[in-house]
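All residue numbers refer to positions in the sequence shown, counting from 1. On a predicted model such as this, the values are computed, not experimentally measured, just so you know.
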Amino acid sequence: MVKREVAATVVYIVDDDAAVREGFARLLRSAGLAPRPYGSPEQFLEEVINTPDACVLLDITMPRMTGADVQARLSSLEIALPVITVSARDDAETRSWARELGARMFLRKPVDDQALIDAINWVTGSNHDR
């Protein structure tokens, strides 16, 4: 019998705050996920590919390019990854803005660890609770 290795779910993390990005990456690795952190939305957009069972964890408020700009660019590139938006701003306008551009979920910073893992599993259809 040949043992097949199951690839870990890729989570693209796009956040300009290095401490937040590193914290998310550490949490996701501990949950058996494969984080791909980016401090620059531009670099992320240059490297992102449609990956089965992957998603994007996207900060809404960043300099130069907002999360909404990134979502619009993903759409124009025909990159169909589910997006989970995160923001310290938790108001109706921000949540509505994220939804209108196709975000599957909106989480407020600081994000509860288990809520984030559950959200990733939900949007990717995965089950990585370990």
Side-chain angles (χ1 to χ4, degrees):
M1 184 160 140
V2 176
K3 185 177 179 183
R4 291 181 57 191
E5 197 170 305
V6 177
T9 298
V10 171
V11 180
Y12 295 100
I13 303 166
V14 186
D15 197 306
D16 62 307
D17 185 323
V20 170
R21 199 170 55 246
E22 291 165 13
F24 282 152
R26 212 174 10 264
L27 170 67
L28 300 182
R29 273 192 299 279
S30 74
L33 302 168
R36 302 286 184 271
Y38 292 89
S40 156
E42 295 86 357
Q43 182 185 10
F44 162 71
L45 289 167
E46 287 175 14
E47 297 179 12
V48 66
I49 58 171
N50 267 327
T51 306
D53 302 322
C55 69
V56 181
L57 183 58
L58 178 63
D59 186 14
I60 287 283
T61 309
M62 295 181 285
R64 295 185 317 276
M65 199 172 202
T66 68
D69 295 333
V70 173
Q71 285 180 264
R73 185 75 179 121
L74 286 172
S75 181
S76 73
L77 293 170
E78 298 182 2
I79 302 285
L81 297 173
V83 174
I84 299 169
T85 54
V86 294
S87 179
R89 288 182 49 196
D90 185 16
D91 55 52
E93 180 183 355
T94 303
R95 289 189 303 274
S96 176
W97 192 31
R99 269 193 309 276
E100 286 172 16
L101 289 166
R104 299 278 301 276
M105 295 194 81
F106 174 88
L107 299 172
R108 184 178 60 82
K109 291 179 182 177
V111 177
D112 176 78
D113 292 354
Q114 190 60 54
L116 177 57
I117 300 301
D118 291 345
I120 291 167
N121 289 336
W122 183 75
V123 301
T124 63
S126 300
N127 187 9
H128 287 282
D129 290 334
R130 292 190 177 146

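R89 has its side chain out of reach of I60: every pair of non-hydrogen atoms, C-beta onward, lies at least 4.5 Å apart. Put simply, the side chain of L116 reaches to within 4.5 Å of the side chain of L57, judged on heavy atoms. Taking the side chain as every heavy atom from C-beta outward, V56 and I13 never approach each other to under 4.5 Å.
Under a hydrophobic clustering in which Ile, Leu, Val, Met, Phe, Trp and Tyr are joined whenever their side-chain heavy atoms come within less than 4.5 Å, directly or via other members, M62 and Y12 fall into the same cluster. If you chain together hydrophobic residues whose side chains sit under 4.5 Å apart, F24 and V11 fall into the same group. Put simply, V14 and I84 are part of two different groups of oily side chains (I, L, V, M, F, W, Y) that touch within less than 4.5 Å, one to the next. Clustering ILVMFWY residues whenever any of their side-chain heavy atoms sit less than 4.5 angstrom apart, transitively, puts M105 in a cluster other than the one holding I79. Under a hydrophobic-cluster definition in which Ile, Leu, Val, Met, Phe, Trp and Tyr are linked whenever side-chain heavy atoms come within less than 4.5 Å, directly or via other members, Y38 and V10 are assigned to the same cluster.
Between R108 and A88, the shortest heavy-atom distance links the atoms CG-O, 4.3 Å. Summarising the geometry of P35 relative to A25, their closest heavy-atom pair is CG-O, 3.5 Å, with the distance given to 0.1 Å. Residues P37 and R21 come closest through the heavy atom pair CB-CG, 3.6 Å. Here the shortest heavy-atom pairing between Q71 and A103 reads NE2-N, 3.1 Å. Nearest approach of T51 to L81, heavy atoms of both residues: O-CD2, 3.5 Å. Taking every heavy atom of both residues into account, G32 and A8 meet most closely at O-CB, 3.4 Å.
With hydrogens and angles ignored, the 3.5 Å screen pairs a side-chain donor or acceptor of T124 with a backbone N or O of I120. Without hydrogens or angle criteria, D90 side chain to F106 main chain gives no donor-acceptor distance under 3.5 Å. Between the D53 side chain and the T9 main chain, no donor and acceptor come within less than 3.5 Å of each other. Judged by distance alone, the side chain of D118 and the main-chain N or O of A115 form no donor-acceptor pair under 3.5 Å.
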Exercise. Just do the side chain to side chain donor-acceptor pair (under 3.5 Å) check on S76 and R73 with the steps written out, would you?
Key: CA-CA 5 Å; S76 73; R73 185 75 179 121; 3.1 Å; yes
### Task
Kindly indicate, with the supporting measurements, whether the criterion side-chain contact (heavy atoms from CB on, under 4.5 Å) is fulfilled by T94 and T61.
CA-CA 10 Å; T94 303; T61 309; 5.9 Å; no
Original post:
Does the side-chain contact (heavy atoms from CB on, under 4.5 Å) test come out yes or no for L58 and D15, once each step is laid out?
Top reply: CA-CA 6 Å; L58 178 63; D15 197 306; over 6 Å; no
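E46 CD to S40 OG: the interatomic distance, rounded to the nearest 0.5 Å, is 7.5 Å. Within the model, atoms CG of L77 and CG of N50 stand 9.5 Å from one another, a figure rounded to the nearest 0.5 Å.
Applying the salt bridge (charged side-chain N to carboxylate O under 4.0 Å, His left out) test to every pair with at least one member in residues 54-68, sequence neighbours left out, gives these pairs: E42-R64, D59-K109.
Taking a 6.0 Å sphere around CD of E93, one finds it holds 12 or fewer heavy atoms contributed by other residues, nucleotides or ligands.
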